[in-house]
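Structure, as structure tokens:
Numbers here simply count residues along the sequence, with the first being 1. Here the structure is a predicted model, which means the values were calculated and not measured. Both counts, for ligands and for their atoms, begin at 1 and track the order of listing.
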Amino acid sequence: MTSAKIIIDKNEYEFPLITGTEQERAIDISSLYAQTGCITLDNGFQNTGACASAITYIDGDKGILRYRGFDITELAEKLTFVETAYLLIYGTLPTIDQKSVFSRHLTENSMLHEDMTHYFVGMPPHAHPMAILCAMVNSLSIFYPHSFIDDDNPAVFDLIAARLISMIRTIAAFSYKKSIGEPFVYPRHDLRYCMNFLNMMFSSPVKPYECDQEAERVLNKLLILHADHEQNCSTSTVRLVGSSMVNLYASVCAGICALWGPLHGGANQEVIEMLEDIHRKGHSVQDVIAMAKDKNNSFRLFGFGHRVYKNYDPRAKILKDACSSFLSGRSMNDPLLDIALELEELVLRDEYFIERKLYPNVDFYSGILYRALGIPASMFTVMFAIGRMPGWIAQWREMHDTKPFRIGRPRQVYVGSAHRSLP
Ligand code: CMC
């Protein structure tokens, strides 16, 4: 079958049926209004494909996630975050030369314009790092305005992409230093991407950071797992905002704002605070589960459930294993990991969660690893944003390259007052 029929008031209309690489099917209704005068209504875009994309594939029923065709487990095991970023944005694994040019771009664009560092001075030390991140990433368009005038030029795009991937890491580390009242540690040209970040976070004038390769490996893994996830809330935001032809800085800044919410990337901070509450206040895991099931209570079990995965999120599986091996490798005992494991075990046996196919998602175990790396909970969503940056850039670029180019502009069904006159 290559078409689908819709019958309205006994009239039959035909629409093309599109089949994706993995045989997933969609009805192309772009001519629906012109043909029938109707639009579709889909609250929360549960069934709406906003684009055709060649970047990331998810099979939510089977728990499959692939970037550019490569399985996430293999990528997280064998690639670095920088190689993954290249793969997402440019569509192929980098050759040795491409990798060295890309890494050089990242290194050369890691320093913030010195005047930007003064912005941090005026920010209160208790400001949420995500608020700082949004403000600072948008400020890049103040300091580097020349570069988006010509963003159809591939060299200019390459520069802006490298600047965003590299500078978000510097901004994140500076915001942490600001929050603890320590001087900024500048990026170093001799360190790799993740090690450079750890050094900017944890070096201080009194104690230099001792390069820790296991921590670097874990951070690479975490960032790779967050690097893209097709048309989620923040990525759709980047595409929609970018479709007005605004520059890439502004588009990803909108994505960062969307990511902040607790139903999306903000869930990782919520998870750890929930586990800490259970630990500190002595709540039982059973009480928390009962609260999440109570329809009169708006509380949700953060780190569980997903719009697309109706099976175990493969990222959660990788992170669960990484938590156990990283913590046991350093003889660390985090009581929050024990609580998380107990919570998961009970949830997966509970009828409420089974019926609704609610499994741990990426945010459930990531916080335990970030804690083990010494990163505070308020920074967790910032870490998600650092990881997601290449995905946002790749999706923005793909959207721009799609022909015919169209501004994103959903419709609505108006249900307000009919026409009336002023009294
Ligand atoms: N705890 C308790 N009940 C839940 C949960 C949860 N975490 N998630 C979904 N449900 C229930 C929900 O109440 C509803 O029940 P009913 O059918 O009786 O009304 C049913 O499951 C379906 O939920 P939904 O809200 O319609 O599902 P959705 O696809 O719109 O929402 C979600 C997906 C991720 C927003 C939701 O599962 C949730 O709020 N989870 C907690 C927040 C979280 O962990 N977010 C991170 C998502 S993964 C990282 C990312 O991509 O951002």
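Interface of Phe302 with ligand 1, defined as ligand atoms under 4.0 Å from a residue heavy atom, comprises 42 (C), 44 (O). Under a 4.0 Å criterion applied to the non-hydrogen atoms of Ala292, ligand 1 contributes the atoms 2 (C). For ligand 1, the atoms closer than 4.0 angstrom to any heavy atom of Gly265 are 52 (O). Listed by atom number, the atoms of ligand 1 under 4.0 Å from Ala267 heavy atoms are 43 (C), 44 (O), 45 (N), 46 (C). Applying the 4.0 Å criterion to heavy atoms of Gly303 picks out, from ligand 1, the atoms 43 (C), 44 (O).
A salt bridge does not link Glu276 with Lys281: none of the charged nitrogens is closer than 4.0 Å to a carboxylate oxygen. Remark: Arg330 does not engage Glu214 in a salt bridge, criterion side-chain N to carboxylate O under 4.0 Å.
Note on ligand 1: Phe364 sits outside its first shell, no heavy atom being nearer than 4.0 Å. Under a 4.0 Å heavy-atom criterion, Val362 is in contact with ligand 1.
For the pair Arg356 and Tyr352, the cation-pi criterion (under 6.0 Å, within 45° of the ring axis) is fulfilled. Geometrically, Lys317 engages Tyr312 in a cation-pi contact, judged by NZ or CZ lying under 6.0 Å from the ring centre and within 45° of the ring axis.
The protein atom (non-hydrogen) at minimum distance from atom 1 (N) of ligand 1 is Leu301 N, 3.1 Å. For atom 34 (C) of ligand 1, the closest non-hydrogen atom of the protein is Gly305 O, 3.7 Å. At the shortest separation from atom 30 (O) of ligand 1 among protein heavy atoms lies Arg307 NH2, 3.0 Å. Distance from atom 40 (N) of ligand 1 to its nearest protein heavy atom, with residue and atom name: Phe304 O, 2.9 Å. Of the protein's non-hydrogen atoms, the one nearest atom 3 (N) of ligand 1 is Tyr352 OH, 3.0 Å.
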**Message:** Working note: Phe197 + Met383, criterion side chain to side chain contact (heavy atoms under 4.5 Å, CB included); need CA distance, chi angles, decisive distance, verdict.
**Reply:** CA-CA 11 Å; Phe197 175 73; Met383 300 308 297; 3.5 Å; yes

**Request:** Could you check Thr48 against Asp42 for side-chain hydrogen bond (donor to acceptor under 3.5 Å, both in side chains), going step by step and ending with a plain yes or no?
**Result:** CA-CA 7 Å; Thr48 299; Asp42 181 14; 2.5 Å; yes

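When the heavy-atom distances from atom 49 (C) of ligand 1 to Asp363, Asn268, Val271, Asn361 are ranked, the shortest goes to Asp363. When the heavy-atom distances from atom 52 (O) of ligand 1 to Gln46, His229, His264, Glu230 are ranked, the shortest goes to His264. Of the listed residues (Lys295, Lys357, Arg315), the one carrying the non-hydrogen atom nearest atom 16 (P) of ligand 1 is Lys295. The residue from Thr381, Leu358, Ile289 that puts a heavy atom closest to atom 8 (N) of ligand 1 is Leu358. Between the choices Arg300, His306, Arg356, His226, the shortest heavy-atom distance to atom 12 (C) of ligand 1 belongs to Arg300.
Residue Leu263 places at least one N or O, backbone or side chain, under 3.5 Å from an N or O of ligand 1.
Not one N or O on the side chain of Ser378 forms a donor-acceptor pair closer than 3.5 Å with the backbone of His128.
By the 30° and 60° cut-offs, the orientation of the rings of Tyr209 relative to Phe202 is tilted. Classified by interplanar angle (parallel below 30°, tilted 30° to 60°, perpendicular above 60°), the ring pair Trp396/Phe157 is parallel. Ring orientation note: the planes of Phe299 and Phe302 are nearly perpendicular, at an angle over 60° on the 30°/60° scale.
Surrounding CD of Glu355 are more than 12 heavy atoms belonging to other residues, nucleotides or ligands, all under 6.0 Å away.
Within the 4.0 Å cut-off (strictly below), no protein heavy atom is located near atom 27 (O) of ligand 1.
When ring centroids are compared, His105 and Tyr86 stay outside the 6.0 Å threshold.
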